[in-house]
Every structure is written in structure tokens, then in C-alpha cells.
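Notes follow once the structure below has been shown.
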Amino acid sequence: MQKIMKILLILISLNFGMALYPQNSDRSAALKTEFQRELASLYEQYDFPGATAAYILPDGSVETFAVGYADVENNLKMKPGSRMLAASIGKTFVGATVLALAQEKVLSLDDPISKWLSNEPWFSDLPNHNEITIRQLLNHTSGIGNHVYEEAFAEAFKKNWQTGKNPFTPEKLISYILKKEPLFQPGKGWSYSDTGYIITGLIIEKVTGNSYYQEVKDRFLEPLNLAKTEPSNSLELENLAAGYMAADNSFNLPAKTTGEPEVMVWHPGIEWTGGGLISNPGDLVIWGKSLYEGKAMKGNYTEELLKFVPVSTESQDTQYAIAVALYKSDEFGNVYGHSGWIPGYSSKLRYYPEYKTAIAFQINTDIGIVDDSTKLFEEMEANLAVTVIKHIKK
């Protein structure tokens, strides 16, 4: 009798499994269909050249999607594996590298930057140079300006982008904010600064004796198998989608970022540790989930990673920590992530801790996004999140 009951239990469990897996498969297929449909709807509504998008679910399963064109003039369709410049999302890797070095006790987040850079010939001309800490560079509370907004930088870029080389060393980028009045005393305000991340890159290289790109490759790209994420420090970038911008853009750049498929007309190495990576949403969601769930490196680093400061005295709804912004959403609760813009490309990575899922997308234009003249960026974030999280809740 016991043997018969055991056989019956096995048969019941097998039948249950056969019923369960098709149901999960059906739900997965339904989500994929709805996500692609939403992406296509946004494409139809806003008429952008193309986009890629991806999600990672609580169980770690990843799906990547594409819509539109990677190169309109050459009639090249956007593919799920197409890549774009990720711009300031690259800062998340810079912050993670510093956190890893802090875990290894090679440096401290609260070290004054003078400990590492005081012998540099330009250091004494840096605003707040004797007071800034590494943490303040990373959370944008250092009080130094941003070279990207300096007219002298813009003019130099206009004159030099056609050379086929990167015309700006890190020291040259820093030079545009030297001998300027500080915006505020360190820790007494908040102002986004790409220059702060360039300085951080110099500290990483000083501390490790390696190039920043070697560090990020060894620590994160290879261990996490982020095969579509690489340094954007070359004109030729495999599987690069062409980017599109307004013809009257402020840098006098061509309206299209590529002269021929996968070859930039200007050198993207100008970003370095201000961004500096080419990527794909499939990689970005894996990175986001790993980073914000405390699995991107050894040790308990998330407490430091997520030590937020307000970006405004008027509201606590948006805060910033180590290369991560916190957005408070009525619909989804706290949301972590980072956005990225570089001429011709707009990217966004979002992680939803309550649902243990991440969503990322990249659009190969900045038209209507960089000037906030459309709601495309915000609507794509909201609509894709609703689509995925609705299925997770079921």
C-alpha cells in the first residue's frame, strides 16, 4: 500500500510540474509580447530612430528587445544586441571600483583627495582642494564646477572634434574648472560634476597602478560576463548604433554620430570616467541587479553605496549617493538608478528593490530628450516599468 501511495505521489508531482511549467512559460511569453508591444507603441508615438530595452526578473532571467533602426540611412534595423554609448551610467562602474578599493582597505571613502593628488601641478588651483574627500567627488557635494558646462571647453571641443583623436586628457578636462570660485563649501550643497569623476579616475589609477579600464574589466565586466560592455575609447565600436542629434546642436557636431556603420565621426573617449562605456540594456540590467542587491563584489558594500544626500533643499524625492540616484515613486516605492546622455544617445537604468527587478533602455537620439521638449524619456521609463511589474505582481 505504501509503495502504491508513493507511486501516486510521484505521478501527481509530475503532473503538477507539467502543468506548472507551461503556465510559467505562458506568463513569460505574455510579458515578452506586452513589453515589445509597449516599446513599439512608444516608437510609433514619438518617431525616434530606434531603441533597445531589457528587463531582468527576480529569478535572474533576462530578455532584451529592439525597435526601429540602428542606422536609418543604411536601412539597418536595430537588434537586441545593438550597442550605444551609455554615457553617465558609466559612473556606476567608477563608484563601484572605488567601493571595491575601500572594501580592500586600499583607500577610504573619506580620505581627503590631497592624500593622493597633492603632488599634481594643478592641484592647488582646484577649488576646495584641501577639503574635498573622495566620497564628496562621488556624491557631487565637492563644490567644484563641471567642465562640460564651461564655454572654453565647448569652444575647444568644436575646434578639435574632427582630429580623429581624443583631444582631451583628464588633466585638460580638469583645467577648465581650475582657479574658479567654488560653488559651495564641501558637503554644504549639491551640484552634478563630471569633473569630479574625472578626478576620481586619476585617484583610481594612482592607487592601483593600473588603468581605470583595466580595473573595471577585471573587477566587473569579466566576472559578471558583461560581454557587450566595453570602454568607448575608440572611433570603431562593434555593433554600435548610429546616434542622431539636432543639426543645430551646441557642439557644432554632425547630426549623425557615425560616418560609416560602427565608426564614430568624433572620439567618444572625451568622457573617460565621466561615463566612458559602450553597452547594451541586457548587460545594464544584470549590472544593476548585481550592484544594488550587493552581489557585484565581495563584502557588505551597499550601506556605503546607498548613503544618500538630498540634491535639493526643497524636496527629498530625489537623492544621490555613490553614482546612484534615489527616486521616490508613489507607484513603485524607492527606485535606484542612473541616466546617461552624450550627443546622439540617451540611456536609463532603473532598479526596483521592492520587486528585485531592473529595467534599462537606450535610444539612439537625444532630440526631444536633452532639451526636455518631449516626455519620451519619462514615458518610456514609466510604461516599461508598469508592464514588467504588473506581471511580477500576478
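Treat the numbers as computed from the prediction; the structure is a model and nothing was measured.
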Could you pull out the closest heavy-atom pair between [X] and [Y], with the gap in Å?
X      : Y      : result
Phe308 : Val324 : CE2-O, 3.6 Å
Gly282 : Ala54  : N-CB, 3.6 Å
Asn334 : Lys328 : OD1-CG, 3.7 Å
Ser232 : Glu271 : OG-OE1, 4.4 Å
Thr52  : Lys79  : CG2-O, 3.4 Å
Gly288 : Leu349 : CA-CD2, 4.1 Å

If we ignore hydrogens and angles and just use 3.5 Å, is the side chain of [X] paired with the main-chain N or O of [Y] as donor and acceptor?
X      : Y      : value
Tyr327 : Tyr336 : no
Glu262 : Glu238 : no
Tyr176 : Thr195 : no
Tyr244 : Val72  : yes
Arg27  : His391 : yes
Thr229 : Ser279 : no
Thr357 : Ile56  : yes
Asn128 : Leu183 : no
Tyr213 : Leu277 : no
Trp116 : Ile204 : no

Hey, are [X] and [Y] close enough for a salt bridge, meaning a charged N less than 4.0 Å from a carboxylate O?
X      : Y      : value
Lys256 : Asp71  : yes
Lys188 : Glu131 : no
Glu379 : Lys375 : no
Lys158 : Glu155 : yes

Between atom [atom1] of [X] and atom [atom2] of [Y], what is the distance when rounded to the nearest 0.5 Å?
X      : Y      : atom1 : atom2 : value
Asn280 : Thr64  : CG    : OG1   : 5.5 Å
Asn130 : Ile113 : CG    : CD1   : 9.0 Å
Ile199 : Ser193 : CD1   : OG    : 6.5 Å
Ile198 : Ile203 : CD1   : CD1   : 12.0 Å
Ser41  : Glu34  : OG    : CD    : 11.0 Å
Leu126 : Ile132 : CG    : CD1   : 5.0 Å

According to a 4.5 Å side-chain heavy-atom criterion applied to Ile, Leu, Val, Met, Phe, Trp and Tyr, with indirect links allowed, do [X] and [Y] form part of one hydrophobic cluster?
X      : Y      : answer
Leu109 : Trp190 : yes
Phe65  : Ile389 : yes
Tyr55  : Phe332 : yes
Val62  : Ile359 : no
Ile278 : Leu226 : yes

Stepwise side-chain contact (heavy atoms from CB on, under 4.5 Å) test for Thr33 and Leu31: CA-CA 5 Å; Thr33 298; Leu31 173 55; over 6 Å; no
field: Full working for side-chain hydrogen bond (donor to acceptor under 3.5 Å, both in side chains) between Tyr345 and Thr257
entry: CA-CA 9 Å; Tyr345 302 96; Thr257 62; 2.8 Å; yes
Indicate whether any N or O donor in one side chain lies under 3.5 Å from an N or O acceptor in the other, for [X] and [Y].
X      : Y      : value
Thr92  : Trp287 : yes
Ser142 : Gln136 : no
Ser88  : Tyr192 : yes
Lys172 : Thr169 : no

Any non-hydrogen side-chain atom of [X] less than 4.5 Å from a side-chain atom of [Y]?
X      : Y      : answer
Tyr320 : His140 : yes
Pro343 : Asn249 : no
Ser114 : Glu120 : no
Trp272 : Asp194 : no
Lys356 : Glu293 : yes
Leu284 : Ile89  : yes

field: Derivation and outcome, side-chain hydrogen bond (donor to acceptor under 3.5 Å, both in side chains), residues Ser108 and Asp110
entry: CA-CA 5 Å; Ser108 166; Asp110 296 312; 4.7 Å; no
Centroid separation under 6.0 Å, is that true for the rings of [Y] and [X]?
X      : Y      : value
Phe168 : Phe153 : yes
His338 : Tyr351 : no
Trp161 : Phe251 : no
Phe377 : Phe361 : yes

Whether over 12 other heavy atoms sit under 6.0 Å from [X] [atom1]:
X      : atom1 : answer
Lys307 : NZ    : yes
Lys165 : NZ    : no
Glu73  : CD    : yes

task: Could you identify which residues cluster with Tyr149, counting Ile, Leu, Val, Met, Phe, Trp and Tyr as linked when any side-chain heavy atoms lie under 4.5 Å apart, either directly or through a chain of such contacts?
output: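 Direct or chained contacts put Tyr149 with Val148.
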message: Out of the candidates Val67, Ile367, Ile369, only one should pair with Phe48 under the side-chain contact (heavy atoms from CB on, under 4.5 Å) rule; please name it.
response: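 Testing each of Val67, Ile367, Ile369 against Phe48, the sole residue satisfying side-chain contact (heavy atoms from CB on, under 4.5 Å) is Val67.
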Partner of Ser346 by side-chain contact (heavy atoms from CB on, under 4.5 Å), out of Thr365, Leu376, Asn364, Asp366: Asp366
Sole candidate of Glu215, Lys217, Glu205 that passes side-chain hydrogen bond (donor to acceptor under 3.5 Å, both in side chains) when paired with Asn210: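 Of Glu215, Lys217, Glu205, side-chain hydrogen bond (donor to acceptor under 3.5 Å, both in side chains) with Asn210 is met by Glu215 alone.
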- request: Check the pair Arg135, Glu304 against side-chain contact (heavy atoms from CB on, under 4.5 Å), reporting the backbone distance first and the verdict last.
  value: CA-CA 9 Å; Arg135 187 192 302 274; Glu304 295 291 356; 2.8 Å; yes
task: Could you walk me through whether Asn75 and Tyr69 pass side-chain contact (heavy atoms from CB on, under 4.5 Å), step by step?
output: CA-CA 7 Å; Asn75 198 36; Tyr69 289 86; 3.2 Å; yes
